[in-house]
Amino acid sequence: MGRMTHVLTALAWPYANGPRHIGHVAGFGVPADVFARYMRMRGHDVLMVSGTDEHGTPILVQADAEGLTAAEAAAKYNRIIVEDLDALGLSYDLFTRTTTGNHYKTVQELFTTLHANGYILQQRTLGAISPSTGRTLPDRYIEGTCPHCGFDSARGDQCDNCGRQLDPVDLIDPKSRINGETPKFVEEDHFFLDLPAFADALNAWLDTRTGWRTNVLRFTKNLLDEMHPRPISRDLDWGVPIPLEGWVDRPDKRLYVWFDAVIGYLSATIEWARRSGDPEAWKRWWQDPEAVSYYFMGKDNIVFHSEIWPAMLLGANGEGAKGGEPGSLGKLNLPTEVVSSEFLTMEGKQFSSSRRVVIYVRDFLERYSPDALRYYICAAGPENQDSDFTWAEFLRRNNDELVAGWGNLVNRSIAMAAKNFGAVPEPGELEDVDRELLATTKQAFDTVGDLIGANKVRAGIGEAMKAVAAANKYLADTAPWKMKEDPKRQGTVLYTVLQAVSDLKTVMSPFLPHSSQRVHELLGGEGVFAPMPFIEEVEELDEGGATDGPYPILTGDYSDVPKWESVPLVPGTVLEKPVPVFTKLEPSIVDEEIERLNA
RNA sequence: GGGGCAGUAGCUCAGCUGGUUAGAGCAGGGGACUCAUAAUCCCUGGGUCGCGGGUUCAAGUCCUGCCUGCCCUACCA
């Protein structure tokens, strides 16, 4: 990707049945934002899209529990999630929702194309429904006695006691976990995506994929060995209507939530284009063969992004075993890369809202800065294997690395220059040590940049921190505070270290945009250095969705991002005594937070 | 049951296609410095690379069995 390229950065859609915890943003939010910010600085035309996933049974369950309608509950949590992602500084071009009229239209269009191409099958199946509501009762909401081991609270899909796979029909005395009633098992017509028709095309496509994390590729190839048609409709009154005669007006039949959710990547791009004033602009990311697309998600979501969504796109393009023609949306690009993270655990335990093993993004940001969280996630997130969040480790990373390393470098160098010169000093002749430090920070642009481009965020920020350490060592070696009798040399040394700090704030900005903006200002810079998203209340573009009126989107203007390169400081630029950029935390927070968790 | 990933110093992790005495950061121990949010810099101890077999001149690195953890296993999103 040497030249300017269109880069779609697609983030998994947070499910809107509650606030999101830090594991969610650790898995895909922050890593994707680092990637998008870097790609923009390299001059690529990045579009970063996502939104809240608002259909499906869990939303209905949550709404009932709160005495709200599904639309109200979805709107409530959509807003909370939007505010949290904004506070973290995730630079979405558009963060929207799956309940918009635009989304409904796009989903129905894709369904229609897949149906016309013969990839949607209608089959009769036995399913559980709730007698009181008529809604599909997902297996995991059914419990009963395990027919194998007699365990009395086996779930419909699996017995937690003996571990066996179950079919809810086989449970003895099945009950709904939602309201205790006995589910009814009925034969129903449903639609299925004909996944086996894409096996060969998917295999051929996967063989062309390079650069993926090996576990994702292996996992996906393994899935292809055994593919079955996958249901895409449900007995529900909450979701996208099925756009076929005899179905579209039925209040009890909707498209299955996963089917509509993955289409959000496409519908969000279209919504962004329509709101930008150029309704055709979405095609640059979806139809241009040179465009690339990176999808970020947790490992539980791999199958949807590496198998099912590509299958849907192949079907819509008419490229499965049954052939066909592209629909009105034209021929669409398949993912370039599926970037999956592992899971973050919490003090050794799985995150779980119900068991209260959870730290919500909102609660975290009320007490700590967004860059403190971003630093932890970048340096210690679950990139290649599960990683454990502990408050002790957070404290250490923040105090010993972020504050003592990078923050201290910024503070000591600017303070010394402000005190002795009141400005960026005019350098004299550079010596070898000076040139070496500047070569190190210049080199960091390449090494860190390559690592971010390969989605190795941990290694990337590690390399950046090595350059920070080199600058701290440079100060120890040159000791400019001892140069009172040689202001010329002192000015040269301080100029050199300030230039290094300036370079490093650029290198750090994809990871730590808030603080890089501050460093930019401390160095006398003006204007926006690391642009931030903002929330905008917008009107619906189309009828037919399920939002009730205007809704908040997360968007931003990232057109003026600085380049990924060293910019020479201007001697004479006035410097003030700096206010520390990062906050050192009291060790007592560890016990306080753990207590809060156990409360 | 099937599949994927992981198990390396007290902690968090690097170790690509197998090749000299297995690395880093932090914590621990010692020292230097004082510009800086007591931050920084230097030196330093510490590992039978989950367990058992096997292939090879040579394995943390390949094969196999087992143990442990996490995820997926299709109507969970």
Side-chain angles (χ1 to χ4, degrees), chain A residues 12-17 53-59 125-128 136-141 155-158 163-165 167-168 190 192-193 195 213-223 225-235 256-258 261-262 298-304 307-308 340 342-343 345 348 350 379-380 382-388 390 392-393 396-397 399-401 403-405 407-417 419-420 458-459 462 465-466 469 471-477 479-483 490 494 497 578-585:
Chain A
W13 290 53
Y15 197 62
N17 66 339
D53 177 5
E54 304 185 5
H55 295 129
T57 305
I59 299 273
T125 59
L126 187 66
T136 293
L137 199 54
D139 288 359
R140 68 163 183 167
Y141 284 109
R155 288 179 304 153
D157 52 352
Q158 185 174 21
R164 264 182 258 243
Q165 293 291 304
D167 194 310
H190 277 292
F192 289 73
L193 180 66
L195 284 176
R213 291 177 186 168
T214 49
N215 61 334
V216 179
L217 209 49
R218 261 179 232 166
F219 177 82
T220 306
K221 290 212 166 183
N222 196 267
L223 288 172
D225 293 342
E226 200 181 344
M227 295 213 290
H228 308 280
R230 189 167 178 124
I232 60 173
S233 60
R234 296 284 81 186
D235 292 292
Y256 201 166
V257 54
W258 67 260
V262 289
K299 62 179 165 182
D300 55 334
N301 254 324
I302 294 175
V303 60
F304 288 98
E307 181 196 8
I308 295 174
S340 154
E342 303 295 305
F343 280 3
T345 56
Q350 279 272 68
E383 194 167 284
N384 292 308
Q385 54 188 288
D386 291 353
S387 72
D388 192 32
T390 65
E393 179 72 354
R396 188 191 72 69
R397 293 269 184 190
N399 286 2
D400 298 349
E401 297 181 12
V403 176
N408 183 46
L409 172 67
V410 170
N411 208 45
R412 67 195 303 207
S413 54
I414 297 177
M416 227 183 311
K419 187 170 138 195
N420 291 293
R458 287 177 72 129
M465 289 301 282
K466 274 188 196 169
N472 271 322
K473 176 171 163 51
Y474 168 83
L475 283 179
D477 291 346
W481 50 88
K482 287 183 181 169
M483 295 176 178
Q490 187 184 46
L494 291 178
V497 77
V579 177
V581 174
F582 301 104
T583 306
K584 185 164 173 152
L585 299 171

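Proteins come first, then strands; the chains are lettered A, B, ... in the order of their sequence lines, and each starts at number 1.
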From CG of A/Leu585 across to C1' of B/A39 the rounded distance in Å is 15 Å
If I pick the C1' atom on B/C51 and the same atom on B/A14, what distance separates them, to the nearest angstrom? 24 Å
Whole-Å distance between B/U40 P and A/Glu401 CD? 11 Å
side-chain hydrogen bond (donor to acceptor under 3.5 Å, both in side chains) assessment of A/Thr125 paired with A/His190: CA-CA 7 Å; A/Thr125 59; A/His190 277 292; 5.1 Å; no
In whole angstrom, give me the gap between the P atoms of B/C33 and B/C41. 16 Å
Rounded interatomic separation in angstrom, taking NZ from A/Lys473 and P from B/G25: 13 Å
List in chain and number order the residues that pass salt bridge (Lys or Arg N to Asp or Glu O under 4.0 Å) with A/Lys584, two or more places apart in sequence or in another chain; answer none if no residue qualifies. none
I need a per-nucleotide contact map over nucleotides 2-13 of chain B, read 5' to 3'. Cutoff is protein heavy atoms under 4.0 Å; write B for the base, S for backbone only, - otherwise. -BSSS-----SS
Would you check if the side chain of A/Asn301 reaches a backbone N or O of A/Ala12 as a donor-acceptor pair within less than 3.5 Å? no
When you check every protein heavy atom under 4.0 Å of nucleotides 30-37 of chain B, what one-letter string (B, S, -) results, 5' to 3'? ---SSBBB
Could you please name the partner base of B/C75, counting Watson-Crick and G-U wobble pairs only when both distances are under 3.5 Å? none
Run the side chain to side chain contact (heavy atoms under 4.5 Å, CB included) test on A/Arg412 and A/Trp481 for me, step by step, so that the C-alpha distance in whole Å, both residues' side-chain angles and the decisive distance to 0.1 Å come before the verdict. CA-CA 10 Å; A/Arg412 67 195 303 207; A/Trp481 50 88; 4.0 Å; yes
Round to a whole Å and report the spacing from CE of A/Met227 to C1' of B/C72. 16 Å
Using the P atom as the point on both nucleotides, what is the distance between B/C16 and B/C63, in whole Å? 14 Å
Work out which heavy atom in A/Val410 is nearest to a heavy atom in A/Val581; give both atom names and the distance. CG1-CG2, 4.2 Å
Which heavy-atom pair separates A/Ala404 from A/Asn472 by the least distance, and what is that distance? O-ND2, 4.3 Å
Could you please name the partner base of B/G7, counting Watson-Crick and G-U wobble pairs only when both distances are under 3.5 Å? B/C67
Please determine if A/Arg458 and A/Glu383 form a salt bridge, counting it only when a charged side-chain N lies under 4.0 Å from a carboxylate O. no
Please give me the minimum heavy-atom distance between A/Val497 and A/Tyr474, naming the atom from each residue. CB-CE2, 4.1 Å
Kindly indicate whether the side chain of A/Lys482, heavy atoms from C-beta on, has any atom under 4.5 Å from the side chain of A/Gln490. no
Rounded to whole angstrom units, what separation is found between the NZ atom of A/Lys466 and the P atom of B/G25? 9 Å
Checking A/Glu54 against A/Asn17 for the side chain to side chain contact (heavy atoms under 4.5 Å, CB included) test, could you report, in this order, the C-alpha distance in whole Å, the side-chain angles of both residues, the deciding distance, and whether it holds? CA-CA 8 Å; A/Glu54 304 185 5; A/Asn17 66 339; over 6 Å; no
How far does the P atom of B/C66 sit from the matching atom of B/G2, given to the nearest Å? 9 Å
Tell me: CE of A/Met465 to C1' of B/A39, nearest whole Å? 13 Å
What integer number of Å spans the P atoms of B/U64 and B/C5? 12 Å
With rounding to the closest Å, how many angstrom separate the P atoms on B/C57 and B/G46? 34 Å
Searching all strands shown, indicate the nucleotide that pairs with B/G23 (Watson-Crick or G-U wobble; both distances under 3.5 Å). B/C13
Could you work out the separation of B/G23 and B/C49 based on their P atoms and round it to a whole Å? 14 Å
With rounding to the closest Å, how many angstrom separate the P atoms on B/G18 and B/A58? 15 Å
